[in-house]
Amino acid sequence: MKVNHICSNYDKFFVNLMEEQKKKGMDLRVFYFRAKERGLPDVNASYLDIRLNYSNWQRPFFYLKERNIVLDFFDIYKNKEFDILHAHTLFSNGYIALEAKKRWGNPYIVAVRDVDVNVFFKYRIYLRKLGIEILNEAEKIIYISDSYLELMNSKYIPKTLRGEFLKKSVVIPNGVNPYYLNNKYFRNNIENKTLNILTVGFVNKRKNQLAVSEAVIALNKKGIKTKYTIIGKVLDKRIFDKIKKNPYVNYVPFLPKEELIKEYRQADIYVMPSITETFGLTYVEAMSQGLPIIYSKGQGFDNQFSEGVVGYHVESRNVDEIIDRVLDIRSNYEKISYNCSTLSSKFNWEDISKQYINLYKEVLKEV
């Protein structure tokens, strides 16, 4: 079986998936494309075909941008070269898979992610018809969580197609870097001390650290000594300037995983009520270190587990709800923490890779 991964986020998310598939004897190529301004990535693998084939100014002009990418794709690959194509986003990657199917007849599977739902379908209305066509021609549709599957089917999929699309929809979560699962941490009950809350991610509106910062102030006013550590690159200085006025906040710039894991172990609760989120790998990183988590209702991590098992979901901007869920976790800390360390194993790339390989086999039997 020969697979072509169409993947514009290879070094960010999928290195471990491809490596696991190679270990299992898969014959694969990865079409990894980026903006020219980003330059070549610091990655190297025998199966990678890296191309800098569009400019940042072309991003608002979908078809103009994609035309260059598609031409590059067909310049590299030939008909009958692959048994199946795997597009890792619906629009930017799925469009290429659709064009390949039109030209070659190759079956493909496609993933639906945060940017597809919360940018393309929500705001770029002229592209909705294309999105439905890509989904319609796909053999399988991959969702990272039940939440996005439910959102897509209730809001964007035409009623006449919902049943058909549901039949070929599969929920497969992202995996986490094996480093965290190989270094799991089990902790005791929370001590009667300062409560340490942690968020890891870009400092911006979407990650919503400002709401957590407000919750921390309120917790201290309630007499619950609370500190808040934020780790990550500042993308929105206006928001950061507001947050750093909070006397309970400690800001740490980006850290490598070997240092970051120490911060997870020093924290008590992980809180990241992102406004939108495809999945949120930092939730799983935190879980692996025994950190109960608070995540966004209706976004990518929601419904991975029942409420209260590893933490709770919240409405992103509801500060009072964040406070209440922090208190809920404190009252049942030992059990939730143990669940986090144990259940983080769900997100190992080895098992997820097997799920994808079985899916490829299923598709190829059907076509």
Side-chain angles (χ1 to χ4, degrees), residues 144-147 171 173-177 179-201 207-209 211-213 215-216 218-220 222-231 248 260-274 277 279-316 318-348:
I144 307 305
S145 72
D146 289 300
S147 298
V171 176
N174 282 339
V176 70
N177 189 306
Y179 176 81
Y180 293 98
L181 299 183
N182 293 336
N183 292 279
K184 282 188 183 183
Y185 185 67
F186 290 82
R187 58 182 70 210
N188 297 320
N189 202 358
I190 195 167
E191 298 175 4
N192 186 22
K193 59 178 179 58
T194 300
L195 181 67
N196 293 302
I197 289 175
L198 174 67
T199 303
V200 178
K207 293 296 183 181
N208 203 23
Q209 290 96 340
V212 185
S213 176
V216 167
L219 284 165
N220 278 282
K222 288 176 178 286
I224 301 169
K225 289 183 64 176
T226 308
K227 292 290 186 181
Y228 181 30
T229 299
I230 299 172
I231 301 175
Y248 307 110
L260 182 57
I261 200 169
K262 297 176 185 176
E263 296 289 340
Y264 283 128
R265 292 181 179 182
Q266 290 175 9
D268 297 308
I269 302 175
Y270 187 82
V271 185
M272 190 173 74
S274 303
E277 192 74 64
F279 182 69
L281 283 176
T282 56
Y283 296 128
V284 184
E285 293 173 3
M287 280 177 58
S288 74
Q289 303 308 302
L291 273 182
I293 58 176
I294 292 177
Y295 45 92
S296 304
K297 185 176 182 179
Q299 292 301 310
F301 197 84
D302 196 15
N303 293 322
Q304 294 290 340
F305 301 97
S306 299
E307 285 295 278
V309 174
V310 299
Y312 297 93
H313 68 209
V314 293
E315 295 288 353
S316 295
N318 191 326
V319 174
D320 290 336
E321 193 173 2
I322 294 171
I323 294 167
D324 289 343
R325 298 297 81 79
V326 167
L327 297 178
D328 287 341
I329 287 172
R330 284 182 85 220
S331 67
N332 193 24
Y333 192 86
E334 188 171 356
K335 183 178 180 181
I336 296 175
S337 175
Y338 178 81
N339 289 342
C340 287
S341 299
T342 304
L343 296 175
S344 61
S345 295
K346 171 183 176 180
F347 305 100
N348 75 84

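For the numbers below, each heavy atom of this structure counts, side chains included, while hydrogens, waters and symmetry mates do not. Model, not experiment: these values are computed from the prediction.
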From CG (L181) to OG (S341), nearest 0.5 Å: 10.5 Å
T226 to I197 - nearest heavy-atom pair and separation: CG2-CD1, 3.8 Å
Donor-acceptor under 3.5 Å (N208 side chain, P273 main chain): yes
Pair S316, K297: side-chain N/O donor-acceptor within cut-off below 3.5 Å: no
Straight-line distance of N174 CG to Q304 CD, nearest 0.5 Å: 9.0 Å
Any donor-acceptor pair under 3.5 Å from N318 side chain to V314 backbone: no
Polar side-chain atom of Q289 near backbone of R265 as donor-acceptor pair, under 3.5 Å: no
G290 backbone acceptor or donor facing S337 side chain under 3.5 Å: yes
From L195 atom CG to R330 atom CZ, the distance as rounded to the nearest 0.5 Å: 6.0 Å
Y248/Y228 under ring pair (Phe, Tyr, Trp, His ring centres under 6.0 Å): CA gap, chis, key distance, verdict: CA-CA 6 Å; Y248 307 110; Y228 181 30; over 10 Å; no
Side chains of M272 and Y295 in contact at under 4.5 Å (non-hydrogen atoms): no
Exam field: side chain N339 to backbone V309, donor-acceptor pair closer than 3.5 Å: yes
Considering all heavy atoms, the nearest A211-V319 contact: O-CG2, 3.9 Å
Y264-E285 side chain donor-acceptor pair, cut-off 3.5 Å: yes
Side-chain donor-acceptor contact under 3.5 Å, S145 with N303: no
Under 3.5 Å donor-acceptor, R325 side chain and H313 backbone: no
cation_pi(K346, F305) dist<6.0 Å, angle<=45: yes
Short side-chain to backbone donor-acceptor contact, Q209 and T199, under 3.5 Å: no
Donor + acceptor pair across side chains of Y270, T282 (<3.5 Å): yes
Step-by-step side-chain contact (heavy atoms from CB on, under 4.5 Å) determination, S147 to Q299: CA-CA 6 Å; S147 298; Q299 292 301 310; over 6 Å; no
From I336 atom CD1 to L291 atom CG, the distance as rounded to the nearest 0.5 Å: 12.0 Å
Nearest heavy atoms of Y312 and E307, plus distance in Å: CA-OE1, 3.5 Å
Side-chain touch M287/I293, heavy atoms, less than 4.5 angstrom: yes
